[in-house]
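This structure is in structure tokens; I'll ask about it shortly.
Reckoned from all heavy atoms, side chains included, excluding hydrogens, waters and symmetry mates. Bear in mind the structure is a predicted one, so any value in this text is a computation, not a measurement.
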Amino acid sequence: MKKTTGIIISIACAVFFAEQIFFLICGCVLPEQFGDTFMGELRYKYERLEQTEGKRIIFIGGSGTAFGYDCELTENLLKEYQTVNFGMYAGLGIRAVLDLSEDFIRKGDIVIVSPEQDPQTLSCYFNGTYMWQAADGAFYMLKGLKRNSLEQMLGTFPGFALEKLNYVIGGKQPETDSVYSRKSFNEYGDIKDEICLGNVMPEGFDPDHPVKFKKEMIQEEFICYLNSYAEKIEKKEPGSGIVSARLTDLQWRMKKM
């Protein structure tokens, strides 16, 4: 009986480890599949943030930041600064871009955190599947994530690996014909002007996502996370500035323009 039990356990362990090796091969060894997707842009934003020299203005947020800022115009108006648009996608979560940017903020940088007025972007939401897609072929970015994000990604890795395998077997890659693809970005990380002008909703706004200026939209956990981010930057690099990050007691300090 003991011998039979030992054999069963050995087989189960062998199957488990074989499965993990299979997922690792599919996820990390198979050719990159998501590099031309919208999420595939994150590595280029990450590299620009890492490599850009001098004083910088860094915009952080969701796709509203990617669509809404003009870095070239900012540089023309503020010639002593270079700019980096580090806005990505609400579906990924603001937490990811905050974490990835933290190590590269330097003295003299101005960081503008600009989340959309939406419960998802005003929270600590994080999507492991989208992060795997962003890291496909650029797994070095993962070193910038916090432990809780990496733990969450472990659970989504098998699905990501199988999705890559299906694309390889099918001989095709994810669709990249819409505005939500890497080719829509310019060198600053902005969505190109001509694409923004052609991406206007029929009524000028999204009726399914009305803007609500209510404190209930902002989760207290997010406030703490953002304040912690600001404190770590300021402690590490005195002289760095972060705009709209000081959120306390569920009060949003709006900057009047």
### Query
Of the non-hydrogen atoms in Thr121 and Ala90, which two are nearest, and what is the gap between them?
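The pair with the smallest heavy-atom distance is CG2-CB, 3.4 Å.
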
### Message
Just checking Tyr130: does its OH atom have more than 12 heavy atoms from other residues, nucleotides or ligands closer to it than 6.0 angstrom?
### Response
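It does not: Tyr130 OH has 12 such atoms or fewer within range.
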
### Task
Could you tell me whether a side-chain N or O of Asn166 sits under 3.5 Å from a main-chain N or O of Glu163, the two making a donor and an acceptor?
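Pair absent, no side-chain N/O of Asn166 close to backbone of Glu163.
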
#### Entry: Whether Thr52 side chain and Arg48 backbone form a donor-acceptor pair below 3.5 Å
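A pair under 3.5 Å: yes.
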
### Message
I need the minimum non-hydrogen distance between Pro115 and Phe222, along with the two atoms involved.
### Response
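Closest heavy-atom pair between Pro115 and Phe222: CG-CZ, 4.4 Å.
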
### Message
Can you confirm whether Ser101 sits close enough to Tyr229 that some side-chain heavy atom of one is under 4.5 Å from a side-chain heavy atom of the other?
### Response
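Of all side-chain heavy-atom pairs linking Tyr229 with Ser101, at least one is under 4.5 Å.
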
### Query
Is there a chain of hydrophobic side chains (I, L, V, M, F, W, Y, each step under 4.5 Å between heavy atoms) that links Met153 to Val97?
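Yes, Met153 connects to Val97 through the hydrophobic network.
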
#### Entry: Over 12 foreign heavy atoms within 6.0 Å of CZ, Phe59
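Counting neighbours around CZ of Phe59, more than 12 heavy atoms of other residues, nucleotides or ligands fall under 6.0 Å, so yes.
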
### Task
Quick one: closest heavy-atom pair of Cys26 and Ala161, and the distance?
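That would be CB-O, 3.5 Å.
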
#### Entry: Test item: Leu122 and Gln117 side chains (from C-beta on) under 4.5 Å apart, heavy atoms
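Counting from C-beta outward, Leu122 and Gln117 do come under 4.5 Å.
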
### Message
Has Arg182 got a side-chain atom pairing as donor or acceptor with Thr176's backbone, closer than 3.5 angstrom?
### Response
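No.
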
### Task
Mind jotting down which residue pairs meet the salt bridge (Lys or Arg N to Asp or Glu O under 4.0 Å) criterion with at least one end in residues 123-151? Sequence neighbours excluded, please.
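Of all non-adjacent pairs touching residues 123-151, those that pass salt bridge (Lys or Arg N to Asp or Glu O under 4.0 Å) are Asp99-Lys146, Glu102-Lys146, Asp136-Lys164, Arg147-Glu151.
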
### Task
Answer yes or no: is there a side-chain heavy-atom contact under 4.5 Å between Glu75 and Tyr81?
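The answer is no; the side chains never approach within 4.5 Å.
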
### Task
Using atom types as modelled and distance alone, determine if a side-chain donor or acceptor of Thr37 lies under 3.5 Å from a backbone N or O of Ser181.
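Not confirmed, Thr37 side chain does not pair with Ser181 backbone.
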
### Query
What are the two closest heavy atoms between Tyr140 and Glu47, and how far apart are they?
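Shortest heavy-atom contact: OH-OE2, 2.7 Å.
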
### Message
When you compare the side chain of Trp132 with that of Leu142, does any pair of heavy atoms fall below 4.5 Å?
### Response
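Yes; the side chains approach each other to less than 4.5 Å.
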
### Task
Show the numbers, then the answer: is there a side-chain hydrogen bond (donor to acceptor under 3.5 Å, both in side chains) between Asn127 and Tyr125?
CA-CA 7 Å; Asn127 188 297; Tyr125 174 80; 3.0 Å; yes

### Task
State yes or no: are the ring centers of Tyr44 and Phe185 separated by less than 6.0 Å?
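No, ring centres 6.0 Å or more apart.
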
### Query
Hey, are the side chains of Leu24 and Phe157 touching, using non-hydrogen atoms and a 4.5 Å cut-off?
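In short, these two side chains touch, coming nearer than 4.5 Å.
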
### Query
How about Phe86 and Phe104: do any of their side-chain heavy atoms sit closer than 4.5 Å?
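When only atoms from C-beta onward are counted, Phe104 and Phe86 do not touch, as no gap falls below 4.5 Å.
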
#### Entry: Backbone N/O of Cys124 and side chain of Arg95: donor-acceptor pair under 3.5 Å
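Yes, Arg95 side chain to Cys124 backbone: donor-acceptor pair under 3.5 Å.
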
### Message
If you define the side chain from C-beta out and look only at heavy atoms, does anything of Asp36 sit under 4.5 Å from Glu41?
### Response
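Side-chain contact under 4.5 Å: no.
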
### Query
Backbone N or O of Leu42 within a donor-acceptor pair of the Lys45 side chain at under 3.5 Å?
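No; zero donor-acceptor contacts below 3.5 Å.
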
### Task
Report, as yes or no, whether the 6.0 Å neighbourhood of atom CD on Glu194 holds more than 12 heavy atoms from other residues, nucleotides or ligands.
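More than 12 heavy atoms, drawn from other residues, nucleotides or ligands, come within 6.0 Å of this atom.
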
### Message
Nearest 0.5 Å, please: how far is CD1 in Ile169 from CG in Leu165?
### Response
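Here the rounded value is 3.5 Å.
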
### Query
Below 4.0 angstrom, N of the basic side chain to O of the carboxylate: do Arg43 and Glu32 qualify?
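Yes, this pair counts.
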
### Message
Going by side chain to side chain donor-acceptor pair (under 3.5 Å), Asn85 matches just one of Asp190, Asn186, Thr74. Which one?
### Response
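Going through Asp190, Asn186, Thr74 one by one, the side chain to side chain donor-acceptor pair (under 3.5 Å) with Asn85 is satisfied by Asp190 alone.
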
### Task
Locate the shortest heavy-atom distance separating Gly87 from Ala66; write the atom from each residue and the value.
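Result for this residue pair: O-CB, 3.8 Å.
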
### Query
What distance separates Gln82 CD from Asp109 CG, expressed to the nearest 0.5 Å?
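One gets 10.5 Å once the value is rounded to the nearest 0.5 Å.
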
### Query
Mind checking whether Ile112 and Ile58 have side chains closer than 4.5 Å, heavy atoms only?
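When only atoms from C-beta onward are counted, Ile58 and Ile112 do not touch, as no gap falls below 4.5 Å.
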
### Query
Can you tell me how far the CG atom of Leu145 sits from the CG atom of Leu100, to the nearest 0.5 Å?
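The distance works out to 4.5 Å.
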
### Message
Taking Gly108's backbone N and O only, do any of them form a donor-acceptor pair with Lys55's side chain (distance below 3.5 Å, no angle check)?
### Response
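It does not hold such a pair.
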
### Flag, side chain of Glu116 to backbone of Gly64, donor-acceptor distance under 3.5 Å
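Yes, because the side chain of Glu116 sits within donor-acceptor range (under 3.5 Å) of the backbone of Gly64.
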
#### Entry: Transitive ILVMFWY side-chain link Leu154 to Val29, under 4.5 Å
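No, because Leu154 and Val29 fall into different hydrophobic clusters, even though each may have its own neighbours under 4.5 Å.
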
### Message
One pair to check against side chain to side chain contact (heavy atoms under 4.5 Å, CB included): Met131 and Leu92. What are the steps and the verdict?
### Response
CA-CA 7 Å; Met131 190 62 228; Leu92 170 64; 4.0 Å; yes

### hydrophobic_cluster_shared for Tyr188 and Tyr46, side chain cutoff 4.5 Å
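Looking at the clustering, Tyr188 is in a separate group from Tyr46.
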
### Message
Looking at Gln33 and Pro31, would you say the former's side chain and the latter's main chain have a donor-acceptor pair under 3.5 Å?
### Response
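Flag set: sc Gln33 to bb Pro31 pair under 3.5 Å.
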
### Message
Just checking Phe67 against Tyr180, ring centres under 6.0 Å apart?
### Response
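Yes - the distance between ring centres of Phe67 and Tyr180 falls below the 6.0 Å cut-off.
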
### Message
Using 0.5 Å steps for rounding, measure from the OG1 atom of Thr129 to the CZ atom of Phe34.
### Response
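Going from the OG1 atom of Thr129 to the CZ atom of Phe34 covers 9.5 Å.
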
### Nearest-0.5 Å distance, OG1 of residue Thr156 to CD of residue Gln133
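So the gap between those two atoms works out to 9.5 Å.
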
### Task
Please list all pairs passing the side chain to side chain donor-acceptor pair (under 3.5 Å) test where one or both residues lie in residues 57-72, with sequence neighbours left out.
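As it turns out, the side chain to side chain donor-acceptor pair (under 3.5 Å) pairs with a partner in residues 57-72, which skip direct neighbours, are Tyr69-Ser114.
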
### Query
Given the rule in the side chain to side chain contact (heavy atoms under 4.5 Å, CB included) test, do Thr83 and Leu78 qualify, once you have shown the distances and angles that lead to the verdict?
CA-CA 10 Å; Thr83 53; Leu78 302 171; over 6 Å; no

### Query
What heavy-atom pair brings Lys79 and Asn76 nearest, and what distance separates the two atoms?
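Distance-wise, the nearest heavy atoms are NZ-O, 3.0 Å.
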
